[in-house]
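Counting convention: from 1, in listed order, for ligands and their atoms alike. Values reported hereafter were calculated over all heavy atoms of this structure, with side chains retained and with hydrogens, waters and symmetry mates removed. Each residue takes its place number in the sequence, starting with 1.
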Amino acid sequence: MANPLYDDLFGIHAGKDTAFLNLTDGTTITYRNFLSTAARIAHVATQLGLRPGDRVAAQVEKSPEALALYAACAQAGLVFLPLNTAYTVDELTYFIENSGASLVVCDGRSKDQLTPIAERFGGRVETLNADGSGSLMDLAAAMPDSFATVDRDGEDLAAFLYTSGTTGRSKGAMLTQNNLLSNARTLVKEWRFTSEDVLLHALPIFHTHGLFVATNIILAVGGSMIWLPKFDPDQIIDRMPDATSMMGVPTFYTRLLADARFTSELTKHMRLFVSGSAPLLADTHAQFQERTGHRILERYGMTETNMNTSNPYDGERRAGTVGFPLPGVELKICDADGNPLPQGEIGEIEVRGPNVFKGYWQMPEKTAAELRENGFFITGDLGRIDEDGYVHIVGRNKDLIISGGYNIYPKEIELVLDGQTGVLESAVIGVPHPDFGETVLGLIVAEPGQSPDLDAIMGAVRDSLARFKHPRMLIQLDELPRNTMGKVQKNILRDQYRDMFKAGSKAHNGRA
Ligand code: MCA
Ligand code: AMP
């Protein structure tokens with residue numbers, strides 16, 4: 001027996017004294033040191049009583065130890081469940097309960113709030129702070145630095161990533177070892193990664209992009225990363241001369257282009273810039289090429305599927321498209337019943353392949369609604385394939401806002417707004433934003449005779465939802481536009497408010 005995920009991404013580097021993580025303080029963590037830390041954490045988890053298949057939820061800042069926790073879960077056969085650091089206690093309570101996490105690893109500042117919640121659902125809490133301190137690492141310090149890797153099958157679960165939905169309830173996407181490994185192997189080949197690569201890593205590690213795309217690729221080839229805690233243009237510009245490649249969401253690229261220090265000289269030795277998680281404007285693509293001479297490589301993926309398509313490494317990287325289906329991934333443009341449409345027509349994108357997840361944790365009916373029996377996953381994205389085979393994403397068949405690469409489901413915010421005093425109903429829409437691509441606008445209708453306190457409503461939103469989901473602005477309307485079926489016509493609202501956050505415009509809560 002073996003453990004494919006651990007063996008192929010981590011175990012192959014055992015004993016190597018080559019650099020894995022280059023930190024902002026100038027120090028380097030070698031593969032050997034990193035794997036020792038992971039082994040110690042794996043011992044802690046097993047000594048705390050965790051068994052293969054148990055879930056480990058982690059809401060921690062980005063650090064080498066946070067990444068070692070992922071490796072430790074792989075080695076001990078545990079299911080890793082990374083969580084956005086912006087999530088509030090309300091949001092975390094749901095994830096802890098739904099996943100049944102046996103261990104919750106959090107920042108020391110959240111310990112008092114999360115301990116009773118974890119215990120209520122049969123788990124426990126250990127802490128891991130941004131500087132690598134905390135009870136998890138205190139326990140780890142006393143453990144041996146090697147651990148007998150737990151046998152796992154490629155079809156065993158490796159991770160849960162929670163993704164919201166149109167009903168407002170988050171779903172735990174179950175990803176297997178094979179899902180992660182197959183995608184990493186494909187992307188290594190497609191994007192020509194080697195052990196010589198140094199990836200400038202400024203993405204968060206609680207989502208697919210930063211963890212399973214960027215990090216797994218580097219692990220698969222034994223390369224190294226410049227490990228930045230977050231996206232900071234000063235640090236990116238400072239460290240770019242040491243890198244060969246970078247991955248980012250479109251906001252990274254628009255922010256870099258807004259900085260005069262970002263020049264062709266600074267990027268001349270770089271071999272690859274990848275963009276994804278949200279649409280890259282053709283204009284950004286063009287400006288980037290003009291400034292640096294590099295053509296950004298845009299690709300398309302999802303939490304449930306990892307990466308599905310990519311523009312070519314060699315050949316034309318066509319702006320405004322997400323390229324071709326990756327080797328091993330089948331992609332079709334369909335009608336609502338999954339029947340392929342004639343070439344060139346717009347329809348729903350469906351994908352099938354070794355990258356596609358196993359389903360949503362304990363939600364068979366939601367799994368059945370999105371994952372067909374024949375293995376095709378209904379992405380909810382609308383697209384077409386042009387005459388040269390490039391896939392274009394032209395819209396979404398799902399009520400989703402993507403702000404700075406983070407997904408926001410309006411229903412979740414509407415549920416909070418609808419529950420506020422004096423609010424009859426609400427509609428939340430995404431409108432263009434110069435920095436985040438899209439941002440959140442909340443529209444509310446008052447109960448007859450009431451005048452809701454918009455500041456108090458924003459206070460309630462702050463208490464229950466992560467910051468990135470907060471409406472940038474609340475507007476009170478007399479009524480919401482509806483079609484003859486009574487359905488709110490969000491397209492009309494989106495058209496009406498599309499210039500709300502144009503560069504330079506100032507927006508305030510208030511009555512329309
Ligand atoms: C931070 N804020 C945001 C966002 N990020 N608000 C809306 N949308 C956001 N994305 C809040 C902050 O809390 C802050 O609130 C205020 O907005 C301004 O913060 P700022 O300093 O500008 O933000 P930042 O810290 O610089 O972050 C912006 C960012 C970051 C660098 C674009 O959001 C980021 O790293 N995004 C990457 C997301 C990602 O990895 N997505 C991949 C998902 P206040 O002013 O109150 O303090 S995986 C995926 O989608 C699929 C699978 C795929 O294809 O990859
Ligand atoms: P997530 O749920 O975070 O996995 O986000 C997946 C969604 O992000 C997809 O369904 C798309 O709507 C969107 N997405 C990812 N990459 C791209 C891209 N390159 N262009 C347009 N949309 C994208």
**Q** Can you list the ligand 2 atoms lying under 4.0 Å from a non-hydrogen atom of Val322?
**A**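 Contacts of ligand 2 toward Val322, numbered from 1: 18 (C), 19 (N), 20 (N).
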**Q** What residues form a salt bridge (Lys or Arg N to Asp or Glu O under 4.0 Å) with Lys332, not counting sequence neighbours?
**A** none
**Q** Please say whether Gly404 places an N or O atom under 3.5 Å from an N or O atom belonging to ligand 1.
**A** yes
**Q** Give the atoms of ligand 2, by number and element, whose distance to some non-hydrogen atom of Pro279 is under 4.0 Å.
**A**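 Counting atoms of ligand 2 from 1, those under 4.0 Å from Pro279 are 20 (N), 21 (C), 22 (N).
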**Q** Before signing off on this row, confirm whether His207 and ligand 1 have an N or O atom pair separated by under 3.5 Å.
**A**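 Such a contact does not occur with ligand 1.
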**Q** Specify the protein heavy atom at minimum distance from atom 8 (N) of ligand 1: its residue, its atom name, and the distance to 0.1 Å.
**A** Ser403 OG, 2.5 Å
**Q** Considering residues at least two apart in sequence or located in another chain, which fulfil the side-chain contact (heavy atoms from CB on, under 4.5 Å) criterion with Gln362?
**A**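 Applying side-chain contact (heavy atoms from CB on, under 4.5 Å) to Gln362 gives none.
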**Q** Counting each atom of ligand 1 from 1 as listed, which ones have a heavy atom of Phe468 under 4.0 Å away?
**A**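 Close to Phe468: 3 (C), 4 (C), 6 (N), 7 (C), 8 (N), 9 (C).
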**Q** In terms of atom number and element, which parts of ligand 2 are under 4.0 angstrom from non-hydrogen atoms of Asn407?
**A**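 In order of number, 1 (P), 2 (O), 3 (O), 5 (O), 6 (C).
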**Q** Check contact between Arg299 and ligand 2, using heavy atoms of the residue and a distance below 4.0 angstrom.
**A**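 It does; at least one heavy atom falls under 4.0 Å.
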**Q** With respect to Ser275, determine whether any N or O atom, backbone or side chain, lies less than 3.5 Å from an N or O atom of ligand 2.
**A**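 N/O-N/O distance below 3.5 Å does not exist for this pair.
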**Q** Can you confirm, on distance only, whether ligand 1 has an N/O atom lying under 3.5 Å from any N/O atom belonging to Thr208?
**A** no
**Q** I'd like to check whether Lys230 has a polar contact with ligand 1, where a contact means an N/O of the residue lying under 3.5 Å from an N/O of the ligand.
**A**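 So ligand 1 has an N or O lying under 3.5 Å from an N or O of Lys230.
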**Q** Would one find an N or O of Thr303, backbone or side chain, under 3.5 Å from an N or O of ligand 2?
**A** yes
**Q** Within the structure, does Tyr300 bring an N/O atom to less than 3.5 angstrom of an N/O atom in ligand 1?
**A** no
**Q** So is Thr208 in contact with ligand 2, going by heavy-atom distances below 4.0 Å?
**A**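 Outside the 4.0 Å threshold, so no.
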**Q** Assess Lys398 for proximity to ligand 2: is some non-hydrogen atom of it under 4.0 Å away?
**A** yes
**Q** How far is atom 29 (C) of ligand 1 from its nearest protein heavy atom, and which residue and atom is that?
**A** Arg255 NH1, 4.5 Å
